[in-house]
Structures are given as structure tokens and as C-alpha cells.
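A short write-up of the structure that comes next.
Position 1 is the first residue of the sequence, and the numbers go up from there. Fair warning: this is a prediction, and the values are worked out from it, not measured in the lab. Just so you know, these numbers use all the heavy atoms, side chains as well, and skip hydrogens, waters and symmetry mates.
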Amino acid sequence: MGSGIWTASAINLHAWQGWHIGMILTVTGFLSALLNQFLLHHLDLPRFLGEILYAVFYGSFVSLFSDFFAWLGLGSWPVVARAVLSCLGVVSFGIAISLYQRANLIMHPNDDTTNLLRFYYLKGNATLSQLVDFIPPIGLIFISWYFSGQVLGINIATIFSILFNGVIIAWADTHIWPHLKHNFTVPTQQHAA
């Protein structure tokens, strides 16, 4: 019933180029980690290395869980059940992103990008930061579609994620463990938006 937009872009690159989805997610994570260093305007080596490590594990676990869900036979469930389960998955990872962005210990590079965009450049707007962060994978999907003639991994849950991921994160910030405050500081010399 679809996937997150970054994973959908990896699915489409896989279909077009044949590259392994886990490797695509790891490489795009690495590129996002590099982008984050530019958004910070200084080198933060511990942050960069932590994000790379996270991206490597994330790419591996996506492959592992895809195989596991296929083994469980979730693809043969009725459409409505798959749609509900997929959208609940989006809600759960939106809540999880809220929690771990507030803890700010180690994050996936894409989620750190949304934090950097949100607090450095977009005046705290979680929804807008998510939408801006979705521009690269949407571009990759269009490029893949142009060359392959097909679009994969886009369905109800993907549209739900694009429309509501930022809204869910913002909601969870105030309703799920609200005493956990953002452990994210913006230097007094704020960057120009």
C-alpha cells in the first residue's frame, strides 16, 4: 500500500537501475548526512559519523523487514486492511520521529535534515520542513519514471505520509510525552533563511 517517500524513491531507482534497495537507502543517507554538514555551516564529525552509522543500519533493516513482511503474507491481505495497517505504520513512525528528534541523540540523516530545516530555516514549522525534505525523493521518483516508464512503491500510505507526516510529528511533539522537549539548539548567530 505504499511506503515512505524516501523508500519509494529507492524502490523506483531499484526498478530503473537494478541497484539494491538497502544500498540506495544507505547512499542517500550518506548524501543527506553531507547535506546536513552544509546546513550546519560547520563540520560536526560525531553527528556525521552517527548519521552514517544510522543510515547503514537503516538500509539493512528495511531489506530485512521487507522480506519478513513478505514472508508473513501481508501482501495478500485485503486492500482495506493493508491500507489501514500502512497508515498506522506512518502514524507510528511519525510519533517515533517526534520522540527521537526531541531526544536528538543520533538520528537518521533525513530526519536530522528536517530538524535543521525546521529550526534553522523554517521558524519551527515541522510540516513545512517535512515537505521540503521530500523534494529530493520526489525528484528521484520522477527521474526514474521518466527513464523506466513505471512508478512503484507509491500508494495510499505514501500519499498519507507526504500529507500528514509533518502534521503527525507536530501533534506528537505536544501530545506524546510532552515533557520531552527538543534537545536541539540553534546558535545565537542564526542562519539566514
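- Listed by chain and number, the residues in a salt bridge (charged side-chain N to carboxylate O under 4.0 Å, His left out) with D111 amount to none (sequence neighbours excluded).
- For F164, the ring pair (Phe, Tyr, Trp, His ring centres under 6.0 Å) partners are F160, not counting sequence neighbours.
- Every residue two or more places apart in sequence or in another chain was checked for a ring pair (Phe, Tyr, Trp, His ring centres under 6.0 Å) with W77, and none qualifies.
- In the hydrophobic cluster analysis, where Ile, Leu, Val, Met, Phe, Trp and Tyr join through side-chain heavy atoms closer than 4.5 angstrom, L53 is grouped apart from L34.
- If you chain together hydrophobic residues whose side chains sit under 4.5 Å apart, F30 and Y58 never meet in one group.
- For the residue pair D44 and Q37, no side-chain donor N or O sits within less than 3.5 Å of a side-chain acceptor on the partner.
- Across V151 and N12, no two heavy atoms sit closer than the pair CA-OD1, 3.3 Å.
- A donor-acceptor distance shorter than 3.5 angstrom exists from the side chain of S98 to the backbone of D173, with no hydrogens or angles considered.
- Contacts of L180 classified as side chain to side chain contact (heavy atoms under 4.5 Å, CB included), with partners at least two apart in sequence or in another chain: L99, R102, W177.
- No donor-acceptor distance shorter than 3.5 angstrom exists from the side chain of Y100 to the backbone of I95, with no hydrogens or angles considered.
- Note that the CD1 atom of I162 and the CD1 atom of I154 stand 6.0 Å from one another [nearest 0.5 Å].
- Residues that satisfy the ring pair (Phe, Tyr, Trp, His ring centres under 6.0 Å) test with F147, not counting sequence neighbours, are W16.
- The closest donor-acceptor contact from the side chain of K123 to the backbone of Y120 lies at 3.5 Å or more, if one exists at all.
- In terms of modelled atom types and a separation under 3.5 Å, the side chain of T114 and the main chain of A126 share no donor-acceptor contact.
- Among residues two or more places apart in sequence or in another chain, the ring pair (Phe, Tyr, Trp, His ring centres under 6.0 Å) test is passed with H179 by none.
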